[in-house]
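To start, the structure itself, in structure tokens.
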Amino acid sequence: MRKPLSFVILVLSFWMMSSLAFASTLSDVKARGKLLCGVNAGLLGFALKGDDGKWAGFDVDYCRAVAAAVLSDPDKVDYVPLTTADRFDSLKSGAVDILARNTTWTMERETKTPFRFVGVSYHDGQGFMVNKASGVNSVFNLSQAAICFLSGTTTQANVEDFFREKEMTFTPVTYGTIDELVAAFQSKDGTKCDAYSADQSQLYAVRLKLAKPGDYTILPEVISKEPLGPAVRQDDEQWFNIARWTLFALINAEELEVRGPGVEDAKAKSRKPDVRRLLGLEGTFGVDMGLDADWAARAIKAGGNYGEIFERNLGKGSKLGIDRGLNALWNQGGILYVPPVR
Amino acid sequence: MIRSFIFAGLVIFSTAAHADTLDEVTGRGFIQCGVDENALGFAQQNDKKEWIGINTDFCRALAAALFGDSARVKFLPLTVDESASTLSSGDIDVLLHTAPWTMSRDTSLGLKFVDVLVFDDSIKPPHLIGPVVRQGDDAWFNVMRWVRAALINSEMLGITKASAEMATDVSEVKKVLGQQTGDDGNSFGQALGLSDAWAQNVIKSVGNYGEIYERNLGEGSALKKPRGVNKLAADGGLIFAAPIQ
């Protein structure tokens, strides 16, 4: 009696272990020696391949942090440029290990498709750009304005909802391509577009392409929330933990004032328990997710903490000049707050 | 050797036995919620032996989403020490405890935190309190994550306990209330394995996030704690959820 039972359990356990092993993205990445990161094919600030062939951007720096944590080398990343149409198929099929492609976290994407967002890396929102000469400095000055959109997106519906609620009216004008929209927005003959509405991160990027960027301003209000974040496949908790806690480590590092160039110094000198845990001097936090104690120190060294990554790619140190806004730490006027490494 | 294989097999087997919590809970007809034994504002029994608190109300919100009936909850009071093992063993379906979200609780116990329900700022820096589930059960994790999001989005959209059955032409509100499908023609409730009215049932029973906060921690409670960091992000606080879109 005992032998057949133990045999059944043995077979079952092998079968279940093999099905678990199938879902180990960490093993795949380690065996391959490269992280496959799905990114935007070319969006200034988020992911863009330079003339030197090197990728740069906010999403790219997240990929580099993950590669540093997992493979001990931030350069061991293959960037896979993806369109909005093929990004989810690529993640699902395993063509990429992680999707870091300025993608909005929505309910449909987590419940109707087998993806999991690990957190918010960038709080975006739909906004408006206007010519400074118009004197408009708030969305509430836009009643009866002609507002231009790219067709086939949800931007027009968002404005309709917002204006209806505020009992304001507007005239929608849609264009099929960004080039047409930009041309209409800059035209001098009359008022084809009093305002250009899109996600704020896109408005900042488009503004750089205008003939006189300094003539235009982006209004402070956002009328929709567009939380962007990295996504992984469901059914792989270890990989989810690695993706989640790499993002959290970068944000914790900013709060604890650990900077990329200062990691080794902090390791040598810091007496703060929070810093020592983050940098692997106390506890074995990375070990629980299949890494080692030094995982976060490597991730932070790769491109700096969250604030350094933001400023270099999107903020003051970049052409875009985007304010931290909601993306500042919770105690500096923003809403970024993550659980501690402890 | 064989013995250790058998042990490994049993461990993996028992984990797998709880891999479909949504089916189990639906079949059982009520949800089992682990809570603190006595935590003012979070989980406490009143004179009538009724559980009150923001954590117990989240459990009721889950019951409303699952069954259309917020009373279908069994509360299990637990100490911090027994809370994790009770969840691992399957004796509860979800843990709502004041033991805060940390990396070790999130990665080393086979459990994971869903998101933040309350920033407990009676301590500095604030502790993150939120629902915890077993790892490896994405369908159940989805229910937790999106019931929380429904509470928060409802406050943002002005959907209250009193107005949860209102007629509206705002598409974001219609999506929450189950009156409009997603782009693929399927309802949001269907995608969770629940009814179309899942979120409407939640708000009808327990109110939106702000109403729950005020009743248990804020103006309507003995604590009278200001919303502070627990205001919505749009109102200057830290409470945020992804959209029901």
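Residue numbers start from 1 in every chain, and the chains themselves are labelled A, B, ... in the order their sequence lines are given, proteins ahead of strands. Treat the numbers as computed from the prediction; the structure is a model and nothing was measured.
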CZ/A:Arg324: more than 12 non-hydrogen atoms of other groups inside 6.0 Å
yes
Charged N to carboxylate O under 4.0 angstrom, [X] versus [Y]?
| X | Y | answer |
| --- | --- | --- |
| B:Glu155 | B:Arg227 | yes |
| B:Glu24 | B:Arg134 | no |
| B:Lys174 | A:Asp161 | no |
| B:Lys225 | B:Asp121 | yes |

Counting only non-hydrogen atoms closer than 4.5 Å, does [X] touch chain B with its backbone (N, CA, C, O), its side chain (CB onward), both, or neither?
| X | value |
| --- | --- |
| A:Asp235 | both |
| A:Arg342 | both |
| A:Val120 | side chain |

Residues of [range] near chain B, each having a heavy atom less than 4.5 Å away:
| range | value |
| --- | --- |
| residues 325-333 of chain A | A:Leu326, A:Trp330 |
| residues 98-107 of chain A | A:Trp105, A:Thr106, A:Met107 |
| residues 226-234 of chain A | A:Pro227, A:Gln234 |
| residues 242-250 of chain A | A:Arg244, A:Trp245, A:Phe248 |

Does the side chain of B:Thr107 pick up a donor-acceptor pair with the side chain of A:Asn241 at under 3.5 Å?
no
Highest number of heavy-atom pairs under 4.5 Å with chain B: which of A:His123, A:Gln238, A:Glu255, A:Glu160?
A:His123
Region of [X] that comes under 4.5 Å of a non-hydrogen atom in chain A:
| X | value |
| --- | --- |
| B:Gln190 | neither |
| B:Pro126 | both |
| B:Thr181 | neither |

Is there a side-chain contact between A:Asp236 and A:Arg116 (heavy atoms, below 4.5 Å)?
no
With distance as the sole test, does A:Glu110 use its side chain to make a donor-acceptor pair with the main-chain N or O of A:Phe117 at under 3.5 Å?
yes
